[in-house]
Amino acid sequence: MLNSIDTTAVIRDGGAVGSFPGEIHEGVAWWLGACFVTVTATTQLAVGSDGRPATAEFFRRLCNGAINAHHHACQVTAVSGITEDAFLAYLQRHDPLPGAYVTTTSGEYGAVVVHIRLHARDGLLLQDDTGLARIRRMIAEDRVPIPVSHSAKGTIQHLPLDAMEATA
């Protein structure tokens with residue numbers, strides 16, 4: 001695997017957490033998107049981010065991983081700049097819709113701490129017994145899914161911030 005990570009240290013707490021640069025890199029977001037769609041067998045996924053510059057590439061790669069997962073042709077609804085509370089409210093209004101939220105906080109020595117939270121259809125964070133352990137194993141064993149054909153590739157619909165916040 002190119003750019004491997006310590007999956008035990010990073011794939012935890014309902015998704016992935018790590019200092020960037022260092023513990024985590026943007027490719028992890030792609031891996032999480034593809035594995036999450038495969039493990040949940042979802043054809044629809046909501047992806048949100050806090051909209052910070054440090055989050056942008058993680059957000060983009062997570063969306064691209066999700067649309068490139070095996071034969072699922074996942075339709076991703078994406079919005080950048082949404083608060084996590086507003087994003088979670090959106091997921092609840094569109095039950096059962098799994099989601100992924102990307103945020104960053106300031107870390108030590110100029111690094112940022114990246115948090116990618118994976119929410120199951122019930123709105124709860126993914127745990128080891130609800131799919132996170134399987135995702136960790138897929139990444140550790142370099143078994144990240146790729147599309148089986150062009151027709152199996154999903155699409156990304158980017159929504160303006162107010163559309164996701166206002167959608168009932």
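In this text the structure is predicted, and so the values were computed from the model without any measurement. These numbers come from the heavy atoms of this one structure, side chains and all, not from hydrogens, waters or symmetry mates.
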note = Rounded to the nearest 0.5 Å, the CZ atom of Arg143 sits from the CZ atom of Arg134 at a distance of 11.5 Å

task = Using the side chain to side chain contact (heavy atoms under 4.5 Å, CB included) rule, take Thr40 and Leu118 through it: C-alpha gap first, then chi angles, then the decisive distance, then the call.
result = CA-CA 11 Å; Thr40 60; Leu118 305 176; over 6 Å; no

ask   = How close do Pro98 and Thr42 get, heavy atom to heavy atom, and via which atoms?
value = CG-OG1, 3.5 Å

Asp122 side chain reached by Pro96 side chain, heavy atoms, under 4.5 Å = no

key: Gap separating the CH2 atom of Trp30 from the SG atom of Cys63, nearest 0.5 angstrom   = 12.5 Å

message = A side-chain contact here means heavy atoms from C-beta on lying under 4.5 Å apart; do Pro145 and Met138 qualify?
response = yes

query = Is the shortest heavy-atom distance from the side chain of Phe36 to the side chain of Leu62 under 4.5 Å?
reply = no

inquiry  = Run Ile11 and Leu132 through side chain to side chain contact (heavy atoms under 4.5 Å, CB included) and show every step you take.
reply    = CA-CA 8 Å; Ile11 309 300; Leu132 195 61; 3.7 Å; yes

remark   = Those residues at least two apart in sequence (or on a different chain) that pass side chain to side chain donor-acceptor pair (under 3.5 Å) with Ser49 are Ser80

remark   = Residue set satisfying side chain to side chain donor-acceptor pair (under 3.5 Å) with Thr104, at least two apart, ordered chain then number -> Thr55

query = Looking at Asp50, Val112, Val113, which hits side chain to side chain contact (heavy atoms under 4.5 Å, CB included) with Thr105?
reply = Val113

ask   = With sequence neighbours left out, what residues match Phe59 under ring-ring contact (aromatic ring centres under 6.0 Å, His included)?
value = none

query = Using the ring of each side chain (for Trp, its six-membered ring), is Phe87 parallel, tilted or perpendicular to Tyr101, with breaks at 30° and 60°?
reply = tilted

query = Is the closest side-chain heavy-atom distance between Ile139 and Leu32 below 4.5 Å?
reply = yes

query = Should the heavy atoms of other residues, nucleotides or ligands under 6.0 Å from CG of Leu125 be counted, would the total exceed 12?
reply = yes

query = Should Ile24 and Val17 be counted in the same cluster of Ile, Leu, Val, Met, Phe, Trp and Tyr side chains packed under 4.5 Å apart?
reply = no

I'd like a table of donor-acceptor pairs (distance under 3.5 Å, sequence neighbours excluded) in which one partner is a side-chain atom from residues 67-78, with atom names and distances.
{"from": "Asn68", "atom 1": "ND2", "to": "Asn64", "atom 2": "O", "distance (Å)": "2.7"}
{"from": "Gln75", "atom 1": "OE1", "to": "Thr155", "atom 2": "OG1", "distance (Å)": "2.4"}
{"from": "Gln75", "atom 1": "NE2", "to": "Ala73", "atom 2": "O", "distance (Å)": "2.7"}

query = Any chance the rings of His25 and Trp31 have centres within less than 6.0 Å?
reply = yes

key: Sequence neighbours excluded, every pair satisfying ring-ring contact (aromatic ring centres under 6.0 Å, His included) that has a member inside residues 106-159   = none

message = If we ignore hydrogens and angles and just use 3.5 Å, is the side chain of Arg61 paired with the main-chain N or O of Ala29 as donor and acceptor?
response = no

Pairs flagged by salt bridge (Lys or Arg N to Asp or Glu O under 4.0 Å) wherever residues 76-87 is involved - sequence neighbours left out = Glu84-Arg117

ask   = Counting only N and O atoms by type, is there a donor-acceptor contact under 3.5 Å from the side chain of Arg12 to the main-chain atoms of Ala9?
value = yes

